There are 2 protein chains.
Amino acid sequence: MTAATSVPADPHSPADQHSPAANPRRRVGRPAAAVLDQGGITAAALQLIGKSGYDGFTMAALASTLNVAPSALYNHVSSKRDVLVLVQDHLTSFVDVAAFETEPWEQAVRDWAWSYRDVFSKHTPLIPVIAVLPVTDAPKTLAMYEAVSAGFSRAGFPQERIIPAIVAFESFIFGSAYDVTAPADIFDSGTMAASTPHFTSAVQRLAEDSHEKPADVAFSLGLEALLAGLGALRAA
Amino acid sequence: MTAATSVPADPHSPADQHSPAANPRRRVGRPAAAVLDQGGITAAALQLIGKSGYDGFTMAALASTLNVAPSALYNHVSSKRDVLVLVQDHLTSFVDVAAFETEPWEQAVRDWAWSYRDVFSKHTPLIPVIAVLPVTDAPKTLAMYEAVSAGFSRAGFPQERIIPAIVAFESFIFGSAYDVTAPADIFDSGTMAASTPHFTSAVQRLAEDSHEKPADVAFSLGLEALLAGLGALRAA
DNA sequence: TCATCTAAATGAACGGCATTCATTTAGTGG
DNA sequence: CCACTAAATGAATGCCGTTCATTTAGATGA
């Protein structure tokens, strides 16, 4: 009995973690067998979220996935929010920043923004966490910022505008991630249609003319506007 | 029974009433005399949130504010989420759309966007609710969309671009509302500073050069870019 | 070898939460 | 005056995250 095989192992997970540890007693003895660790918890959490969504994501369910008692998790993580932070940081490594090395600024930002939105539109409950999380707590997220900052710097942005510009893009991306999850009929004005003629006709016109997904149309529109407007800040 | 769908009966209320004041209260069981209604619940909820924040906002606390048992609320509201929807819709009436009647498009959007962000930056837990809420369920929100759509239409926007453009602005506004609540040291890279030179220097440069609040700098930058880019969609 | 140290796992709590339901209450309309 | 019904009650339900005293079992050092 006793787990043994139950640990996800997670073969391709580099143990790049620096054990933060919630407990005092830092004197290192390195005794026990390690049935659980942050990497395994993160992987299991991600899998559980994928299967059951954020409603089904409870500490009890997560523990059960790992064949462990719920309280055991608290030896490796100090709260549920901690787990969400781990998941968030892991997901951020799926955001594509590669183009900053190979493409001109505009195309690089475009690639980055679309992939960023796509990743987190499936994880909107994390957005309130990310938006307020100190970068120190999320190394992979910090790495993303470094790659993006470097790209902006190389593209000729004045230093003091780099962070505000990135934040502006990010704000737009987070808001747009929510938009992806909105129901198709969100703008159906129903019985109030008569009293909202301008809005109702605009909604109808969009539905008639457009074949793409409304969230993609809006995202593309806003992103291109930001690219043009913020791109103009670059030094000549 | 069980009215799974929406709010119950509401026999003789003109729907748009905002009864502000609390009601006469008695101590013991008081059934039929209309102690509670949606307007009163909304007002009490708003006040409670102002005093205790969203953490302290529980159905029990709300009921206690109204001198009523928690279960009594469910005669007027079908879930906590329903209360949040009522609050959200009420807050939306504080968003300023007046400028669409008096100012040129660009200035009107500016006023609208800043006030929209300011209102909801104090209520970020509502953002996941709004972003996904059918407009039918929120009459005042619908009214806001009508005013904004009319302004865009009058300004010469092609019909099929009006909704995407508004959604793009809104996405940016919601994301920026979160940004307002971020801690001041969110970008402090701490011990990792050495490995993130571009990012770290950009953060430092911003802190040195800017006297304004970082969230306002980013919002202004992004908003002006959107105004320029999307404004160009207008017919000549 | 064995006593000891300690990280990690356990299971039984705990308090808080939204929500349900049978019951009671008191106005209203017939 | 009575029957009906909207509205309030409070006890109960089930789920949740989290805590804690206790146990388990590798590793360490004698």
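In this text, all values refer to a predicted model and were calculated from it rather than measured experimentally.
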### Query
With ring centroids as reference points, do B/Tyr116 and B/Phe169 lie under 6.0 angstrom apart?
no

### Query
Mind checking whether B/Tyr54 and B/His123 have ring centres under 6.0 Å apart?
yes

### Task
Evaluate the ring planes of B/Trp114 and B/Phe219, with Trp represented by its six-membered ring, and classify them as parallel (under 30°), tilted (30 to 60°) or perpendicular (over 60°).
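Because their plane-to-plane angle is over 60°, the rings of B/Trp114 and B/Phe219 count as perpendicular.
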
#### Entry: B/Tyr145 and A/Phe199 aromatic ring geometry - parallel, tilted or perpendicular at 30°/60° bounds
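Plane angle under 30°, so parallel.
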
### Query
Roughly how far, to the nearest 0.5 Å, is CG of B/Leu91 from NZ of B/Lys140?
9.5 Å

### Task
Can you check whether any acceptor in the base of D/dA8 is under 3.5 Å from a donor in the side chain of B/Asn75, or vice versa?
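A donor-acceptor contact between them is present.
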
### Query
Taking atom types as modelled, is there a side-chain donor on A/Thr181 or A/Thr124 under 3.5 Å from an acceptor on the other?
no

### Task
Look at the side-chain N and O atoms of A/His76 and state whether any lies under 4.0 Å from the OP1 or OP2 oxygen of C/dA7.
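Checking A/His76 against C/dA7: no side-chain N or O falls below 4.0 Å of OP1 or OP2.
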
### Task
Might you work through the ring pair (Phe, Tyr, Trp, His ring centres under 6.0 Å) test for A/Tyr178 and A/Phe174, ending with a clear yes or no?
CA-CA 7 Å; A/Tyr178 280 116; A/Phe174 290 153; 8.8 Å; no

### Task
Treat primed atoms plus P, OP1 and OP2 as sugar-phosphate and everything else as base, then score nucleotides 16-21 of chain D 5' to 3': B for base contact with protein heavy atoms under 4.0 Å, S for sugar-phosphate contact only, - for none.
SSBBB-

### Task
May I ask you to decide whether A/Asp216 forms a salt bridge with A/Arg117, counting only side-chain N to carboxylate O separations under 4.0 Å?
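Here A/Asp216 pairs with A/Arg117 in a salt bridge, since their nearest N and O are under 4.0 Å apart.
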
### Query
Angle, rounded to 10°, between the helical axes spanning five pairs at each terminus of the helix from C/dT1-D/dA30 to C/dG30-D/dC1?
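One end axis against the other gives 10°.
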
### Task
Calculate the interatomic distance between A/Leu66 atom CG and C/dT10 atom P; express it in whole Å.
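Rounded to whole Å, this separation is 10 Å.
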
